Amino acid sequence: MQALLHRIVSRIRIDSPAAVADQTSDAEDPSHSFFGGCSGFVFYWLAFTIPFLIFGSNTLFFLLYTWPFFLALMPVAVLIGIAFCMLFRGNWWQTLLATGVVVIGMFWTVFSFLSGW
């Protein structure tokens, strides 16, 4: 939020040389949110396939009645990926490891609570 406010204020003060220097420094900041979001999304679908691999096609009947709970986990998984990528400053291995563990654990926890196992 603070970065957005800073960009808006610096665009208002275009005439000053300091504002131009601030705009160039904003353009050089890396954005890690795309990689984090993609990793969260991929791990969500990977976690979605694990019950099918363990319990077989009967999982489909269980998911037909409980799909809203699992659908609600998708934006959470994407946000978890973005948060870990920002926390680790774009380090790919740490981001993938932490996102994978947390998203799969979160998905498995919801699956376990709903199925009663």
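Just so it is clear, the structure is predicted and the values come from calculations on it, not from any experiment.
If you take CG on N91 and CZ on F84, they are separated by 13.0 Å, rounding to the nearest 0.5 Å. In this structure, L63 CG and S115 OG are separated by 10.0 Å, a value rounded to the nearest 0.5 Å. Within the model, atoms OG of S39 and CG of L46 stand 12.0 Å from one another, a figure rounded to the nearest 0.5 Å. Annotation: the span from I54 atom CD1 to T49 atom OG1 amounts to 9.5 Å, rounded to 0.5 Å. F35 CZ to T99 OG1: the interatomic distance, rounded to the nearest 0.5 Å, is 7.5 Å. The CG atom of L79 sits 12.0 Å away from atom CE of M74, with the distance rounded to the nearest 0.5 Å.
Put simply, the side chain of F48 does not reach to within 4.5 Å of the side chain of L73, judged on heavy atoms. The shortest distance between side-chain heavy atoms of L87 and Q94 does not fall below 4.5 Å. Using a 4.5 Å heavy-atom cutoff, the side chains of V101 and I104 are not in contact.
Side-chain heavy atoms closer than 4.5 Å link hydrophobic residues (I, L, V, M, F, W, Y) into clusters, and following such links, even through other members, never connects F69 to Y65. Cluster membership check: I50 shares its hydrophobic cluster with V102, using side-chain heavy-atom separations under 4.5 Å among Ile, Leu, Val, Met, Phe, Trp and Tyr. Hydrophobic clustering keeps I80 apart from L97 (ILVMFWY residues linked when any side-chain heavy atoms are closer than 4.5 Å, directly or through intermediates). Linking Ile, Leu, Val, Met, Phe, Trp and Tyr whenever their side-chain heavy atoms come within less than 4.5 Å puts V78 and F88 in one cluster.
Counting non-hydrogen atoms of other residues, nucleotides and ligands closer than 6.0 Å to CZ of F34 gives a total of 12 or fewer. Annotation: F52, atom CZ; neighbour count of heavy atoms from other residues, nucleotides and ligands within 6.0 Å is above 12.
Closest of all the heavy-atom pairs between A47 and V103 is CB-O, 4.4 Å. Minimum interatomic distance between T59 and P51 (heavy atoms only, all atoms of both residues): OG1-O, 3.2 Å.
Looking at F113, W45, F107, Y44 one by one, the single match for ring-ring contact (aromatic ring centres under 6.0 Å, His included) with F70 turns out to be F107.
Separation of the F111 and W108 ring centroids falls under the 6.0 Å cut-off.
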